[in-house]
Protein chains: 2
Amino acid sequence: MARGSNRRPTDGELAILQVLWAMGPATVSTIQEKLEESRPTGYTTVLKLLQIMLEKGLVTRDETERRHVYAAKEKERVMKRSLVADLAQRAFGGSTAKLVMQALSEEDLSDRDRAEIETLLKKMRGE
Amino acid sequence: MARGSNRRPTDGELAILQVLWAMGPATVSTIQEKLEESRPTGYTTVLKLLQIMLEKGLVTRDETERRHVYAAKEKERVMKRSLVADLAQRAFGGSTAKLVMQALSEEDLSDRDRAEIETLLKKMRGE
DNA sequence: TTGACAATACGAAGATCTTCGTATATATTG
DNA sequence: CAATATATACGAAGATCTTCGTATTGTCAA
């Protein structure tokens, strides 16, 4: 198996994935600039991380142009699902419901958020 | 600052915390036996982890008896809140609501769970 | 073609995590 | 008390993560 396969992304990797999900495919320097806002990181560091992520299969790379273009491989949704499942597993005995309860009970949700969640639950009830 | 302070617990540490939260204060061998079910780990490894967790302030230790008794320091709720907040930060742009939406939309909740969550939301709406 | 610049590749250092072997200390029992 | 069992302490190895310095490669202009 390749390096770190089947493992959740590290903090650095996740920060990069967030950028890629938000911006779509991008070059190293673009990613690095964007990352600067939330997580200052040198150019070669970002590059190295992307190279490792490529090895791990977390991103794809288009080498057509001189400036390689990286893109997140896993769909955002798939990855986030697995992150939530992972936390549920590690901290909530595998129960996503418990995780949700915990999240809701501590948080000050906006009315809008709360309404959205209620709608979602209503839809689930219908099925 | 002490070792790894302000950092989220590692997988091994979290596994131990889960045992301590479930069983209350316990000796190394008790913890190790319990852990065997979910995460086979040798005795000295568990011991070492606990010693490190003590340094980090994740657990307390009662040395009165020959067999030291370890206990989770942070309240379960506090730690779990910070874990959820951490994931929201790292993967959902800081939005707990988005995290919850993601968790709910993918999961097959039992009717009971769904009802419980709806009750919680209703209560929040009242306030 | 060559010089200058821009981008990638590579390697290694320093931290942390997990694991375990071994040393040391403390009971227990015959 | 001596022998044995049981606990804890310590240190070090092997992995992974992050970071960065430096080497290499590719591009463009004069």
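Being a predicted model, the structure only gives us computed values, none of them experimental. In what follows, every chain begins at residue 1, and chains take the letters A, B, ... in the order their sequences are listed.
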Task: Leu49(A) CG to dT19(D) P, straight-line distance once rounded to whole Å - done: 7 Å

Task: Side-chain N or O of Gln51(B) closer than 4.0 Å to phosphate OP1/OP2 of dA9(D) - done: yes

TODO: Quickly work out the Leu54(A) CG to dA9(C) C1' distance and round it to whole Å.
DONE: 13 Å

Task: Point-to-point distance, once rounded to the nearest 0.5 Å, from CG of Leu58(B) to CZ of Arg7(B) - done: 12.0 Å

Open item on the list: Both Val28(B) and Asp11(A) contact DNA chain D. Which one's nearest nucleotide lies toward the 5' end?
Closed with: Val28(B)

Open item on the list: Mind checking if Thr41(B) touches a base, just sugar-phosphate, or nothing, with heavy atoms under 4.0 Å?
Closed with: sugar-phosphate

Task: Closest listed nucleotide, where the reference is the side chain of Arg66(B) and the choices are dT26(C), dA12(D), dG21(D) - done: dT26(C)

- [ ] Please state how far atom NZ in Lys56(A) lies from atom C1' in dT16(D), giving the value in whole angstrom units.
- [x] 8 Å

TODO: For Arg7(B) and dC17(D), give me the distance from atom CZ to atom P, rounded to whole Å.
DONE: 12 Å

Open item on the list: Can you tell me how far apart OG1 (Thr96(A)) and CG (Asp113(B)) are? Round to the nearest 0.5 Å.
Closed with: 9.0 Å

Open item on the list: One thing to verify: whether Arg8(A) and Asp11(B) come together as a salt bridge, which I'm taking to mean a side-chain N less than 4.0 angstrom from a carboxylate O.
Closed with: yes

Open item on the list: Whether Thr45(B) contacts dC20(C) is assessed here as follows: a side-chain N or O lying under 4.0 Å from the phosphate OP1 or OP2. Is that the case?
Closed with: yes

Task: Whole-Å distance separating the CD atom of Glu55(A) from the P atom of dG11(C) - done: 12 Å

Open item on the list: Check this for me, if you would: do Arg112(B) and Glu116(B) make a salt bridge, where the nitrogen-to-carboxylate-oxygen distance has to be below 4.0 angstrom?
Closed with: yes

Task: N/O (side chain, Arg61(B)) to phosphate O (OP1/OP2, dA9(D)) under 4.0 Å - done: yes

- [ ] Could you check how far CE of Met53(A) sits from P of dT19(D), rounded to whole Å?
- [x] 13 Å

- [ ] Check every strand shown and say whether Ser29(B) touches a base, only sugar-phosphate, or nothing at a heavy-atom separation below 4.0 Å.
- [x] nothing

Open item on the list: Working to the nearest 0.5 angstrom, can you tell me the gap between Leu83(A) CG and Arg81(A) CZ?
Closed with: 11.5 Å

Task: Nucleotide dA23(C), atom P - distance to CG of Leu47(B) in whole Å - done: 17 Å

- [ ] Report which part of the nucleic acid Thr10(B) touches: base, sugar-phosphate, or nothing (heavy-atom distance under 4.0 Å, all strands).
- [x] sugar-phosphate

- [ ] Please check the phosphate of dT16(D) (OP1 and OP2 only) for any side-chain N or O of Lys48(A) closer than 4.0 Å.
- [x] no

- [ ] Please report, rounded to the nearest Å, how far the P atom of dC20(D) is from the CG atom of Leu50(A).
- [x] 15 Å

- [ ] Can you figure out which of dT19(C), dT18(D), dA9(C) approaches the side chain of Arg39(B) most closely?
- [x] dT19(C)

